[in-house]
Amino acid sequence: MVTKEEICNEMKEAILAYDKAKCIELAKQGIAEKFKAIDLINDGLTPAIQALGEKFGRGELALPYLMVGAETMQEVLNYLLETMPKGEYKPKAKMVLGSVKGDIHDLGISIVEAVFQANGIHVFNLGKDVPKEKFLAKAEEEGADIIGCSALLTGTLFEQKVMANFLKKQGLREKYIYLIGGGACPSAQWCEQIEADGWATDVLDALSVAKKVLAEKKGIEI
Ligand code: B12
């Protein structure tokens, strides 16, 4: 019998070898074995793309290879996200989510979208490179409870602060729960500094934070 660890390790190896077909086959096997899609993502796909990112950061991998790795991950991710439950028919809260202006990393937000949706938080995923005005306009239009901004680059991290200040300037900061995330950058200190309501660099932490703040600030129990 194959274990979850074995499947995850083989998925990671397949991504590192840019072998999409093999990785999808393994993902299907994992689902057939009744392993959770989120575990296959967190323990198989995410460490693989992080390993490629580290190589890229050390100058051992050229950008086109990182792009191929990301595309490989994206397809397997799409398959796994499709297998996840879609959540309650009537969600208990709404969230507008996106990557900040200038940032084109969007693998992480699609995971946040799927996991939040499966847990009763309806997500409007605005995608990548989203200006502050668009976040707010969508939140106002949909009556969102949460605005979530992702940033992965040191150079785009500042946009999370720009969003917080924009909300304040519009007199709408207290209306929304403001969460920040994205692998490379956020920290508790940054969260405090820009007066966000919570931060996370992992989807399950993000869900716990969202649940906690929804209960505290809006009286919504998820
Ligand atoms: C894949 C990748 C790419 C892909 C992106 C493909 C895509 N569709 O997303 C491509 C190849 C296109 C790319 C491009 C670039 N990249 Co890049 N990339 C990465 C890499 C390897 C992985 C990112 C990722 O997807 N991680 C996996 C996901 C699942 O994790 P995540 O995004 O963090 O999301 C999780 C949590 O953070 C959280 N979360 C996410 N969003 C939110 C939001 C909220 C509200 C909450 C609460 C939680 C939350 O939940 C998610 C699921 O667990 C990282 C390395 C790394 N360690 O992060 C570099 C990295 C981020 N990139 C880097 C760079 C430099 C670039 C480029 C500038 C390269 C270039 N010279 O052009 C460009 C950026 C262009 C731009 N304007 O954005 C650097 C950034 C360095 C820095 N500190 O600024 C990194 C760190 C690599 C490195 N070590 O040098 N990249």
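Just follow the structure's listing: the first ligand is 1, and inside any ligand the first atom is 1.
- Any N or O atom pair closer than 3.5 Å counts here, and Gly53 shares at least one such pair with ligand 1.
- Linking ILVMFWY side-chain heavy atoms closer than 4.5 Å, directly or via other members, places Val130 and Tyr178 in a single hydrophobic cluster.
- Remark: the Asn9 side chain and the Glu13 side chain contain no N/O donor-acceptor pair separated by less than 3.5 Å.
- By the 4.5 Å heavy-atom criterion applied to side chains, Val112 and Val123 are not counted as neighbours.
- Polar contact check, Val112 against ligand 1: no nitrogen or oxygen pair lies under 3.5 Å apart.
- Within the 4.0 Å heavy-atom criterion, the part of Cys149 lying near ligand 1 is the backbone and not the side chain.
- When the options Met73, His105, Glu113, Met95 are ranked by their closest heavy atom to atom 15 (C) of ligand 1, first place goes to His105.
- Both Leu107 and Leu45 are members of a single hydrophobic cluster when ILVMFWY side chains are connected at heavy-atom separations under 4.5 Å.
- Against a heavy-atom cut-off of under 4.0 Å, Ser150 is close to the following atoms of ligand 1: 40 (C), 41 (N), 42 (C), 43 (C).
- Under a 4.0 Å N-O distance rule, the pair Asp103/Lys128 does not qualify as a salt bridge.
- Counting atoms of ligand 1 from 1 in the listed order, those under 4.0 Å from a heavy atom of Ala200 are 48 (C).
- Checked against a 3.5 angstrom limit, the closest N/O atoms of Thr154 and ligand 1 fall inside it.
- Checked by distance only, ligand 1 and Ile109 stay at 3.5 Å or farther apart across all their nitrogen or oxygen atoms.
- Contacts with ligand 1 closer than 4.0 Å are made by side-chain heavy atoms of Phe56 only, the backbone lying farther away.
- Remark: ligand 1 atoms within the under-4.0 Å shell around heavy atoms of Gly148 are 45 (C).
- For atom 64 (C) of ligand 1, the choice among Ile180, Leu157, Leu153, Ile111 with the nearest heavy atom turns out to be Leu153.
- You'll find the side chain of Lys175 reaches within 4.5 Å of the side chain of Glu140, heavy atoms only.
- Here Glu25 does not pair with Lys28 in a salt bridge; the nearest charged N to carboxylate O distance is not below 4.0 Å.
- For a threshold of 3.5 Å applied to N or O pairs, the pair formed by Leu66 and ligand 1 contains no separation below that value.
- Near Met67, with a cut-off below 4.0 Å to any heavy atom, the atoms of ligand 1 are 11 (C).
- Side-chain N/O atoms of Trp190 and Gln160 include a donor and acceptor closer than 3.5 Å.
- Using a 4.5 Å cut-off between side-chain heavy atoms of Ile, Leu, Val, Met, Phe, Trp and Tyr, with links allowed through other members, Ile38 and Phe116 fall into the same hydrophobic cluster.
- Atom numbering of ligand 1 starts at 1 in the shown order; those under 4.0 Å from a heavy atom of Asp103 are 78 (O).
- The closest non-hydrogen atom to atom 8 (N) of ligand 1, taken over Leu52, Thr46, Asp202, Asp106, comes from Asp106.
- By the 4.0 Å N-to-carboxylate-O rule, Glu75 lies close enough to Lys20 to be salt-bridged with it.
- In this structure, Asp145 and Met95 have side chains that are not in contact, with every pair of non-hydrogen atoms separated by 4.5 Å or more.
- No more than 12 heavy atoms of other residues, nucleotides or ligands lie within 6.0 Å of NZ in Lys55, so this atom counts as exposed by the packing criterion.
- Checked against a 3.5 angstrom limit, the closest N/O atoms of Ala206 and ligand 1 fall outside it.
- Per-residue contacts place Leu152 under 4.0 angstrom from the following atoms of ligand 1 (heavy atoms of the residue considered): 23 (C), 32 (O), 58 (O), 61 (C), 80 (C).
- The distance from ligand 1 to the heavy atoms of Leu63 drops below 4.0 Å at these ligand atoms: 69 (C), 70 (C), 72 (O).
- For atom 78 (O) of ligand 1, the nearest non-hydrogen atom from the set Ile104, Ile49, Leu179 comes from Ile104.
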